[in-house]
Peer 1: 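First, the structure itself, so that you have it in front of you.
Throughout, residue positions are numbered sequentially from 1 according to the sequence presented. Note that ligands are numbered from 1 as they come in the structure, with each ligand's atoms numbered from 1 the same way.
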Amino acid sequence: MALSYIGLGGNLGDVCATFSHALAVMDGWAGSTLEKVSRTYRNPPMGPANQPDYLNAVAALRTTLSPLELLDALQGLEQAAGRIRAGRRWCARSLDLDLLLYDELRIDQPRLQIPHPGVHRRAFVIHPLAEIAPEALVPGHGRAAAIAAHTDASMLTALL
Ligand code: ADP
Ligand code: MG
């Protein structure tokens, strides 16, 4: 069993409902149990500014899936949520699922980098991660809470 952390993001449609559905689906995957979910945070878009604000959250998933099996499953779920891959990064999307951490593993492949390269730089990832797992180790960068303490959260608003 591995402990993985998944970043959820989206800015099209009913994002809270999309997140709830996605979390329920993950919890139902073979050999997988959803352990924790952070609050949802509102956050201005990265990249093109002419798009709605994003909502972001982080979930802890205990799983027997391998990292690549988990990535496949996450991408399947993104597709099912109606995400269109236009080939451009950072464009509006209904659901973005990033595999942030997988135990303390490090992987550097074109299709899969773990830790996800945004984990230690993006406030909307590190703050929700530190909320549910302050002690989580981001290999190469230290503990989540320590990284979060150095990352400006002034743009983030936690939803009730
Ligand atoms: P972003 O999340 O940066 O907006 P995308 O969701 O469109 O970008 O992902 C682009 C590619 O990133 C995917 O095709 C995927 O294979 C790759 N990728 C590499 N590492 C990861 C990871 N840890 N989690 C999710 N996708 C990853
Ligand atoms: Mg992604």
Peer 1: Taking all heavy atoms of Ala49 and all of Pro45, pick out the closest pair and write down the distance.
Peer 2: O-CG, 4.1 Å
Peer 1: Taking the side chain as every heavy atom from C-beta outward, state whether Glu35 and Leu61 have any atom pair closer than 4.5 Å.
Peer 2: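 Result no, sub-4.5 Å side-chain heavy-atom pair not found.
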Peer 1: Would a 4.5 Å heavy-atom cut-off, applied to side chains only, mark Leu70 and Leu68 as touching?
Peer 2: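 Counting from C-beta outward, Leu70 and Leu68 never come under 4.5 Å.
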Peer 1: Hey, is Asp98 touching ligand 1 through its side chain, its backbone, both or neither, going by heavy atoms under 4.0 Å?
Peer 2: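 Asp98 to ligand 1: contacts from backbone and side chain alike.
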Peer 1: Check if Gln75 has a non-hydrogen atom at a distance under 4.0 Å from any atom of ligand 1.
Peer 2: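 Contact check Gln75 vs ligand 1: positive.
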Peer 1: Scan side-chain atoms only and decide if Arg111 and Gln75 contain a donor-acceptor pair under the 3.5 Å cut-off.
Peer 2: yes
Peer 1: With a heavy-atom distance limit of 4.0 Å, tell me whether Gln109 approaches ligand 1 through its side chain, its backbone, both, or neither.
Peer 2: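 Within the 4.0 Å criterion, Gln109 makes no contact with ligand 1.
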Peer 1: Quick check: closest heavy atoms across Leu12 and Pro52, and the distance to 0.1 Å?
Peer 2: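 Minimum heavy-atom contact is CD2-CG, 4.5 Å.
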Peer 1: Taking N or O atoms only and a 3.5 Å limit, does Leu99 qualify as a polar contact for ligand 1?
Peer 2: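 N/O-N/O distance below 3.5 Å exists for this pair.
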Peer 1: Nearest non-hydrogen atom to atom 25 (C) of ligand 1 belongs to which of Leu71, Ile6, Leu100, Ile107?
Peer 2: Leu71
Peer 1: Tell me which part of Leu74 gets within contact of ligand 1: side chain, backbone, both or neither, using heavy atoms under 4.0 Å.
Peer 2: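 Neither; nothing of Leu74 gets under 4.0 Å from ligand 1.
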Peer 1: Just checking: Glu78, one of its N/O/S atoms, less than 2.8 Å away from the Mg ion (ligand 2), yes or no?
Peer 2: no
Peer 1: Suppose I only count heavy atoms of His116 and a 4.0 Å limit; which atoms of ligand 1 are within that range?
Peer 2: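 Listed by number with element: 22 (C), 23 (N), 24 (N).
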Peer 1: Please name the pair of heavy atoms, one in Leu34 and one in Ala59, separated by the smallest distance, quoted to 0.1 Å.
Peer 2: CD1-CB, 3.9 Å
Peer 1: Could you report the tightest heavy-atom contact between Glu131 and Pro134, atom names first, then the distance?
Peer 2: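 That closest heavy-atom pairing would be O-CD, 4.3 Å.
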Peer 1: Using a 4.0 Å cut-off to any heavy atom of Arg93, which atoms of ligand 1 qualify?
Peer 2: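 Counting atoms of ligand 1 from 1, those under 4.0 Å from Arg93 are 4 (O).
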Peer 1: Could you check which N/O/S atom of Asp98 is closest to the Mg ion (ligand 2)?
Peer 2: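 Distance check against the Mg ion (ligand 2) picks out OD1 in Asp98.
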Peer 1: Under the criterion ring pair (Phe, Tyr, Trp, His ring centres under 6.0 Å), which of His127, His141, His150 is the partner of His120?
Peer 2: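 Passing option: His141.
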Peer 1: Need the atom name: nearest N/O/S atom of Asp96 to the Mg ion (ligand 2).
Peer 2: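 When I compare the N, O and S atoms of Asp96, OD1 is nearest to the Mg ion (ligand 2).
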